[in-house]
Protein chains: 2
Amino acid sequence: MEALAALADPTRREIVALLAGGEVAAGELAAHFPVSRPAVSRHLRVLREAGLVRVRAEGQRRLYVLDPRPLSDLDAWLAPYRWLWAQRLDALDTEIARGRRARPTGEDR
Amino acid sequence: MEALAALADPTRREIVALLAGGEVAAGELAAHFPVSRPAVSRHLRVLREAGLVRVRAEGQRRLYVLDPRPLSDLDAWLAPYRWLWAQRLDALDTEIARGRRARPTGEDR
DNA sequence: CAGTTACGTAAGCTCTTTGTTACACATCCT
DNA sequence: AGGATGTGTAACAAAGAGCTTACGTAACTG
């Protein structure tokens, strides 16, 4: 579940989203973000070490591809919890609807 | 997706797992971990702020419950990627191994 | 072959995170 | 009332994450 730490960062999640369409070069990815290119390079390294992406050199460019396996693992990790929102969600909502505010922090309505 | 940051920590994931069975008191949770009780208290705070758990006071103890909604959100976030490992896993591996490009993303040259 | 292009790495800084010990309360039990 | 029990918060040290600038290097270009 090292992938979770990698995906905790919003920039990295966006990189993953960009890669969902197919191979993208490092520089092209970097162009999508307000941070410096080395910063993106570092994010790519984290994603690489988490197994979420792979690189392929084409000339002087590095083409990144998404490797779905860690996402699949995450999906598997999530599996045992699925029944919770299949049944319990309504129960919680009902409780809230009755005015039993369990959450102290103001929430949207 | 603040839940991802909360779930990035292994201790917190284990807490979530422990809570999958139902309500558990803070002290009982803390007993499962090698870290100090205040440390666990802090983890619980992070989980609370991420909306993953709720607390209920019963006498002097605080009973924690899992709130599945952020997990459901995570499941929803994961959804667009599911087709990747449903069909493409093997294909991607093969493609990468052969060094072919999966999909030209508006590159010039 | 020299210059440009595309990347990654190194060094350094700052803000967070995680853990610890010490402390403050509220609640339960004689 | 007074002590034990169960928890959260405060203060602080250590480690980590993320960003920036500067630099090194391989590959195209002319």
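Naming: A, B, ... by sequence-line order, numbering from 1 per chain.
- For the pair A/H43 NE2 and C/dT9 P, the interatomic distance rounds to 15 Å; values are reported in whole Å.
- Contacts of residues 1-14 of chain B with DNA chain C (heavy atom under 4.0 Å): B/D9, B/R12.
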Nucleotides 1-14 of chain D: protein proximity per nucleotide (B base, S sugar-phosphate only, - neither; heavy atom, under 4.0 Å) = ----BSBBB-----
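- Nearest heavy-atom pair, A/A20 versus B/Y81, reported as atom, atom and distance to 0.1 Å: CB-CE2, 3.8 Å.
- If you measure from atom CZ of B/F33 to atom C1' of C/dT20, you get 18 Å, rounded to the nearest angstrom.
- Pairing each heavy atom of A/D9 with each of A/H43, the nearest pair is OD1-CE1, 3.4 Å.
- Salt-bridge formation is detected for the pair B/R82/B/D75: a Lys NZ or Arg NE/NH1/NH2 atom is positioned less than 4.0 Å from an Asp or Glu carboxylate oxygen.
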Between side-chain atoms of residues 29-41 of chain B and protein atoms elsewhere (two or more places apart, or another chain), which donor-acceptor pairs fall under 3.5 Å?
from	atom 1	to	atom 2	distance (Å)
B/H32	ND1	B/E28	O	2.8
B/S36	OG	B/A39	N	3.4

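- In terms of heavy-atom proximity, A/A26 sits nearest to A/Y64 at CB-CE1, 3.8 Å.
- The closest side-chain heavy-atom distance from B/R13 to A/L4 is below 4.5 Å.
- The closest side-chain heavy-atom distance from A/V55 to A/L44 is not below 4.5 Å.
- Phosphate proximity of D/dT20 to A/S36: present, with a side-chain N or O under 4.0 Å from OP1 or OP2.
- Contact detail for B/P70 and B/A3: the closest heavy-atom pair is CB-CB, 3.8 Å.
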